[in-house]
Each structure stands twice: as C-alpha cells, then as structure tokens.
2 protein chains.
Amino acid sequence: MHRTVPGFALPYAEPAAARDPAAHECLHCAVRHLAICSALACDEVQALERVTTSLSYAAGATLVRTGEARQAVYTVTSGALRLVRTLADGRRQVVGFVLPGDYVGLSESEKYRNDIEAIADSRVCRVSVAHMRQLRTQYPQLERKLLQRACLELDAAQDAALSLARLQPMEKLADFLLKLAARTAGQGDPGNTVTLMMGRGDIADHLGLTMETVSRTFTKLRQQGLIALPQLHVVEIRDFAALHRLASDDT
Amino acid sequence: MHRTVPGFALPYAEPAAARDPAAHECLHCAVRHLAICSALACDEVQALERVTTSLSYAAGATLVRTGEARQAVYTVTSGALRLVRTLADGRRQVVGFVLPGDYVGLSESEKYRNDIEAIADSRVCRVSVAHMRQLRTQYPQLERKLLQRACLELDAAQDAALSLARLQPMEKLADFLLKLAARTAGQGDPGNTVTLMMGRGDIADHLGLTMETVSRTFTKLRQQGLIALPQLHVVEIRDFAALHRLASDDT
DNA sequence: CGAAGTGTTGAAAGTGTTCAAACGTGGTGG
DNA sequence: CCACCACGTTTGAACACTTTCAACACTTCG
C-alpha cells in the first residue's frame, strides 16, 4: 500500500491526506507533553480539540506548497516532515525536520514560505490559522508557549547558521547527529542509537552539502570508530565525546 | 575620543558603557514606532521607561560575552550592533546585525549565546530580564509583539539558511544588500543608497565567506554595473531588478 | 610624514563538487 | 525460492571553486 521508509510514491497528485475520524483523543495523545498542548489544562485542550483535524499522510506526500495561502498550522503526532525551499534552478534547502511534538506555524507570512512534505508515514493535527488566532487570545499561556517555542527555534536557527557557514563536512554531520540524538532521546532509547527518517539527499540539503559528500563523511566517521551504521537509516553513536569535540558543541 | 567608523579601539577592557541620564524620553524616542515599544500605549510606555537604562557604547565596545548569564535585553536606538559567535580555532560567524528599532533578547537560554558588540557608536535601551518578564505578563500586547518579532526573525533565519547553504558569493552579496536596503529604507532615503555600518570582514563572516571573496564580489558587482561604490561604506544600487534576479528573491 | 588598520588584487593550493559507474537492498514476478 | 529490476547509496577521478597566502593600495590618525 504505502511505504514506511523514505521515498516518493507518486510524486505529486494523489489522495494526499486521509482524515482520521477516530483519532480525536488529545487528552491521551502520546505527544501531548511534548507539543504546545502542554500549555493547556485538560478542559482547555478540549477547546483545541474541537477545532483540530487529525490527518494522515503517506511518505512522500506534500502537505503544503511554497506560495500557497497560509491557512493552517500543524503539530506532528507521529512520523516526520521536512520543510523544503527550492530555487528556480533546482538547488534545494531543507530548512528543518519536523518530529513528533513539533509545531509548524511560527511565521508572520501570509503565504507558506516552504514546501512541507512527509518523509515517513505521518499523522498530524491541523488547525486553521483563524482558529489558532482565536485560541491564542483566549489562552495567554498558549501564546506564551508559542513565544517560548519561537525563541528555542531562533536559538537553534543561529546554531544552524554557524554550522552551515563555518563547519566542515565532518563537523556538520557530527553536529547534526548529536542534535538529532538529543531530540530523539527521552523515548526510552538508550540514547546512543539514532534512526534517520530522512535520506542522504535530505541530510545533504539540510547541511549545505551534496549527497556524495554526506555519504563519504558517514564512511569516514565509521572508519574512525565514532559511529557505526548497522543499517542505512540507523546510526549507532560509539564516541559521544569525540563527536562533541568535532561539533565544537560547548553546551 | 571614540570613532564613528567600525574598528576596535582597545579590544577588551575599558570604560565600556556610559550611562545617559538625560535620554529618558521614550515618548519622543525616534525609533519608538519601530521598536517593540510600539505595542504599548503612552502611559504603558512609562512603566517600561521606569525600568529602562539608556546606555552609550563606542564603536568596537563589547556589550556582553558568550556564556555570561543572560541578565538583560536590549533595544537599539542608534548605531548598530553585531551578534558574533566564535569557535575555539577562531572561525567566526556574525549571526546578525542589530539596527535601530531592533530587539535583542529573544532567547530561552540562561546564558548569552553570542557576543554582542557595537560596530558603530551606539545607544541602547537596557532592561533586565526580570523586569521584562514582569512587563510581559502585565501587558499581553507586549508578549504578542514579541511573538510577532520572533516569527519575523524565524522567517528571516530560514532565508539566511538558504543563503548560507546554497547561494554563490555573488548571490549572497546581492541578497544581503537588498535585505539591508529594505531594512534601512523608510528613512526618507531614496532607497537606492545603502550605508554599510560593518566592515568587509563582518560581511564575510555573516555570509560564510572570506573577506577577500567579499571584496572580489563587490568589485564584480561594480564592474557589471549592478552597484556603485562612491565610498567604502556606501553602496549605491543601480540595478534592483538584476540584483533581485541574482538573489532569487521572489518576494 | 610615517604608522596602523582596512581593503583590494594576484597566484597557488586545498576542498567539495561534479560526473560517472558500481554496489547493495528491497520488492516483484516468474 | 530465486532472478531481476529499481532505487538509494557508495565510491572513484577530474574539475571548478573558494580559500589561503602574500603583496600592494588607501585612508585615517598620531
């Protein structure tokens, strides 16, 4: 039917999203403590739930396209998305990866500023910007939470800028893997194993490299014993300290 | 006494900041309509004014250092600052330039995440984070304004990421000049003349290039007639369209 | 007028990219 | 069950580009 691994089923056009009628259970949502919903009390969450639509997307599906009117915001509950900006000549930049609990909608633009695509079978909660605006004024805690999120993302964006501008491929990849490990962690994982939802090309377009360089860098890290690659999409971190040193991660 | 042009007087240590006792006139502040203060009514601004300290810094002065406890937020009223992150081996990234009306303080970190330095003689309004926190809860409009700012900066940060990761030197510089022109505009300027408060090295470290490449790129743009350089720190834009085309600026 | 700080320009070198081909894995169908 | 095909990934070699290193020009300041 549809794949779980990254890939493009039928690039554009297709059923796209499937409504998920039975999924309206915010109170028992697995990612509630991670998402912006954590700012709301039980009864308040229900107000949010009333204006939320739960949707499923197959890997490779496109949620929104750059330039379309910005009509809704999203919270991912499972799977993963990528935010992609593409230049006329095909050069691509993966602005970010969106993991369960993450929120997409911190923008002041009238239009979407990048494509949003599912890199794995995903479920998302969709709320219209109009409803969101209303909820924000109604619940100041929500607005505060959004500001907090925005500041965190801003901090992360500055890190990313340093990485893109000044780090070498090895350092970029080390930094990327550590950041991903930190985000993925807290799920009972031992923490030293990271699953890459995205392909090499996505990593390349995220770090400002080519797929070939990313591949070569992976093998270099493996040869030096900093990581192991039990599977294509699984990285086992064998030397956190060395990786941190590479990434100049002083946190 | 102190210079108006970029430069490092006495790198570290020195009187640093000079208090400006007579400057407490938020109501008549030239940048009030630009700054976050625009969210507050006249009487509310006075509450802000009561906890604000106006400070002057000479070009080259350092306001805060990376790693120091994040004690205050700033709004620039005149001059310009740069946000700088430096790696152990000296690689430098100018995360951003702060112009009059801009706000520095959108962060969730306990510590400053970059150095803040004056690139010209500057005046800033300083508010402690504690006071700011209090004001935010007291005036929801302020919080909303901050969120708006954060979202705008987030949008800008994504643009910057694309620029750093995928644009070529010519394109990066074109993009930079246009963004700067857009920010500087609205001050009665004809709009086709941009004053560069920062040196070539700062531009280089902002765009992920070397100073030499920036210099070469400036001359290339000049030779092609897209810009003129009447002075070292003044750029006259002669062909907006071509510059936009270079920067792939579809806005 | 000389010195220092900046910026410009030139030639050499290093590094990631490009282009091309081989590899491996997963899914399909015989 | 196995061969085969497709896709993503890996690897190799030539290339293009920015960087590096060095020398020179310009402006400001002492």
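Just so we're on the same page: letters track the sequence lines, and every chain starts at 1. Side-chain atoms are counted along with the backbone in the values below, which use heavy atoms only and exclude waters and symmetry mates.
A close approach under 4.0 Å does occur between a side-chain nitrogen or oxygen of B/Thr210 and OP1 or OP2 of D/dT19. Of the side-chain N and O atoms in A/Thr213, one or more sit less than 4.0 angstrom from OP1 or OP2 of C/dT17.
Side-chain proximity of B/Thr219 to the nucleotides D/dT10, C/dT8, C/dG16 is greatest for C/dT8. Across D/dC21, C/dC19, D/dT18, the shortest atom-to-atom separation from the side chain of A/Glu212 is found for C/dC19. Taking the side chain of A/Arg200 as heavy atoms from C-beta on, and the options C/dG7, D/dT19, D/dT9, the nearest nucleotide is D/dT9. Of the candidates C/dG16, C/dG10, D/dT10, C/dG16 carries the atom nearest the A/Gln168 side chain, counting heavy atoms from C-beta on. Candidate nucleotides C/dG16, D/dT10, C/dT8 were compared by shortest atom distance to the side chain of B/Leu232, and C/dT8 ranks first.
Separating the CG atom of A/Leu173 from the C1' atom of C/dG16 is a distance of 15 Å, rounded to the nearest angstrom. One interatomic measurement links the two molecules: CG of B/Leu167 to P of D/dT18, which rounds to 12 Å at whole-angstrom precision. If you measure from atom CG of A/Leu164 to atom P of C/dG16, you get 15 Å, rounded to the nearest angstrom. The separation between A/His233 atom NE2 and D/dC7 atom P is 15 Å, rounded to whole Å. Across the protein-nucleic acid pair, A/Leu209 atom CG and D/dC17 atom P stand 18 Å apart, rounded to whole Å. Look at CZ on B/Phe218: it is 17 Å from C1' on D/dT18, rounded to the nearest Å. Straight-line distance from the CD atom of B/Gln231 to the P atom of C/dT8: 13 Å, rounded to whole Å. Spacing between atom CE of A/Met211 and atom C1' of D/dT11 amounts to 13 Å, rounded to whole angstrom units.
B/Gly79 approaches B/Ser122 most closely through the heavy-atom pair CA-OG, 3.5 Å. Closest non-hydrogen pair, A/Arg200 versus A/Leu196, comes out as NH1-CD1, 3.9 Å.
Counting only residues at least two apart or on different chains, the side chain to side chain donor-acceptor pair (under 3.5 Å) pairs with a member in residues 203-219 of chain A are A/Arg92-A/Asp205, A/Asp205-B/Arg166, A/Thr210-A/Thr213.
Scanning atom types as modelled, no donor and acceptor separated by under 3.5 angstrom connect the side chain of B/Arg216 and the base of C/dG7.
Toward the 5′ end of DNA chain D lies the nearest nucleotide of A/Gln223, the other residue of the pair A/Arg166 and A/Gln223 mapping further downstream.
For B/Gln158 and A/Arg113, the side-chain atoms include no donor-acceptor pair closer than 3.5 Å.
Under the 6.0 Å distance and 45° angle rule, A/Arg149 does not count as a cation-pi partner of A/Tyr103.
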